[in-house]
Amino acid sequence: MLQQTPVSRVLPVYEAWLERWPTPADLAAEPSGEAVRAWGRLGYPRRALRLHACAVAITEQHGGQVPDRHADLLALPGVGDYTAAAVASFAFGGAHAVLDTNVRRVLGRAVSAREFPPASLTRAERDLAEGLVPDDRPELWAVAVMELGALVCTANGPRCDSCPILDLCAWQRAGRPAYDGPPRRGQTYAGTDRQCRGRLLAVLRDTDGSVAPERLHEVWSDETQRTRALAGLVADGLVVERDDGRYALPG
DNA sequence: AATCCGTGGGT
DNA sequence: TACCCAAGGAT
């Protein structure tokens, strides 16, 4: 849930989710469409599908227990290098470089004197991060660096006056120079397939049972784009077309 | 390697 | 008002 989504928006959904499905087996026993519905408006609903698939994999292949090894975590649906490292470290105390957007920014500033990290994770960043993971209580290091980035060393308006490592920050020492790398393109959204998919799925999510195609027309009039987006949702497994031509979340 | 994939709060 | 971007992953 936290992938590309702020903590404050995740928390209420997370609480409700765990109350309804306390264990992986509980979630695995449900149709994937229920996960998509319960995902609500967190965004990137394919994550809901993958989390459901993840619960199935844990139930069927790991005896219902979340695996503790990085390689096993990495093999789970929707779990990439960051999430595998985060779970292996936070939950099991493993020594891994937990490289999320916050950590990349903190290390980029404190060590490399750059306001923002490169657009994509570089080998140099990984080498640096791995070299900093301590042997003793590595999970404390991981959570500390991440929280520092989330609460103090923020992307905009960093609270440098209350930073605990200000005296060893290379970016501070360099006079906090502004970012001068290639422009990081912003995501336009209005009129995109993403927006269209979001509108279509919202109709399905907020409706019990199935909906007629006409209901989808109401939220996106451009037929070419609507058809393409709907086909994409079906291909992703987020939506199913029934024999009677109506649409529904996967049952 | 570059693109695609949602949503909403902050500025 | 328009940006910016947030505990990324899959292809």
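Order of the sequence lines sets the chain letters (A, B, ...), proteins ahead of strands, with each chain counted from 1.
One interatomic measurement links the two molecules: CG of A/Leu204 to C1' of B/dG6, which rounds to 15 Å at whole-angstrom precision. Note: CG (A/Leu51) to P (C/dG9) measures 13 Å, nearest angstrom. For the pair A/Met1 CE and B/dG6 C1', the computed distance is 15 Å after rounding to whole Å. Atom CG in A/Leu49 sits about 12 Å away from atom P in C/dT11, given to the nearest Å. Regarding A/Leu200, its CG atom lies at a distance of 10 Å from the P atom of B/dT7, rounded to whole Å. Separating the CG atom of A/Leu99 from the P atom of C/dA6 is a distance of 15 Å, rounded to the nearest angstrom. In this structure, the CG atom of A/Asn102 is 12 Å from the C1' atom of C/dG8, given to the nearest Å. Atom CD of A/Gln195 is separated from atom P of B/dG6 by 12 Å (rounded to the nearest Å).
Phosphate contact (OP1/OP2 of C/dG9, side-chain N/O of A/Arg47, threshold under 4.0 Å): absent. The shortest distance between the side-chain N/O atoms of A/Gln4 and the OP1/OP2 oxygens of C/dG8 is below 4.0 Å. Side-chain nitrogen and oxygen atoms of A/Gln3 include at least one within less than 4.0 Å of the OP1 or OP2 phosphate oxygen of C/dG9.
Side-chain proximity of A/Asp193 to B/dT7, C/dG8, B/dC5: nearest is B/dC5. Across C/dA6, C/dA7, C/dG9, the shortest atom-to-atom separation from the side chain of A/Arg46 is found for C/dG9. Nearest nucleotide to the A/Tyr44 side chain, out of C/dG9, C/dA7, B/dC5: B/dC5. Out of C/dG8, B/dC5, C/dC5, the shortest distance to the side chain of A/Asn156 is found at C/dC5. Distance from the side chain of A/Tyr189 is smallest to B/dT7 among C/dG8, B/dT7, C/dA10. Nearest nucleotide to the side chain of A/Arg50, out of B/dC5, C/dA10, C/dA7: C/dA10. Checked against B/dG6, C/dA7, B/dT7, the side chain of A/Met146 finds its nearest nucleotide in C/dA7.
Heavy atoms of A/Gly43 sit under 4.0 angstrom from at least one base atom. If you check every strand for non-hydrogen atoms under 4.0 Å, A/Thr101 touches sugar and phosphate atoms only. Heavy atoms of A/Leu201 sit nowhere under 4.0 angstrom from any nucleic acid atom. Counting non-hydrogen atoms under 4.0 angstrom, A/Val79 reaches the backbone sugars and phosphates but no base.
In this structure, A/Leu73 and A/Thr83 have side chains that are not in contact, with every pair of non-hydrogen atoms separated by 4.5 Å or more. In this structure, the side chains of A/Arg215 and A/Tyr247 stay at 4.5 Å or more apart for every pair of heavy atoms.
Between A/Arg109 and A/Glu115, the shortest heavy-atom distance links the atoms NE-O, 2.8 Å. Considering all non-hydrogen atoms of both residues, A/Ala229 and A/Leu200 come closest at CB-CD1, 4.0 Å. In plain terms, the two heavy atoms of A/Val211 and A/Thr207 that are nearest each other are CG1-CG2, 3.5 Å.
Mapping A/Ser8 and A/Ser120 onto DNA chain B via the closest heavy atom, the residue that lands nearer the 5' end is A/Ser120. Mapping A/Asp81 and A/Ala155 onto DNA chain C via the closest heavy atom, the residue that lands nearer the 5' end is A/Ala155. Both A/Thr83 and A/Phe116 lie near DNA chain C, and the one whose nearest nucleotide falls closer to the 5' end is A/Phe116.
Nucleotides B/dG8 and C/dG9 have their P atoms positioned 22 Å apart, rounded to a whole Å. B/dC4 and C/dA7 are spaced 24 Å apart, taking the P atom of each and rounding to whole Å.
When only modelled atom types and interatomic distance are considered, A/Tyr44 and A/Arg194 share a side-chain donor-acceptor pair under 3.5 Å.
Judged by distance alone, with hydrogens and angles left aside, A/Arg194 brings no side-chain donor or acceptor close enough to the base of B/dT7 to form a pair under 3.5 Å.
Residue A/Arg114 qualifies as open at atom CZ: its count of foreign heavy atoms under 6.0 Å is 12 or below.
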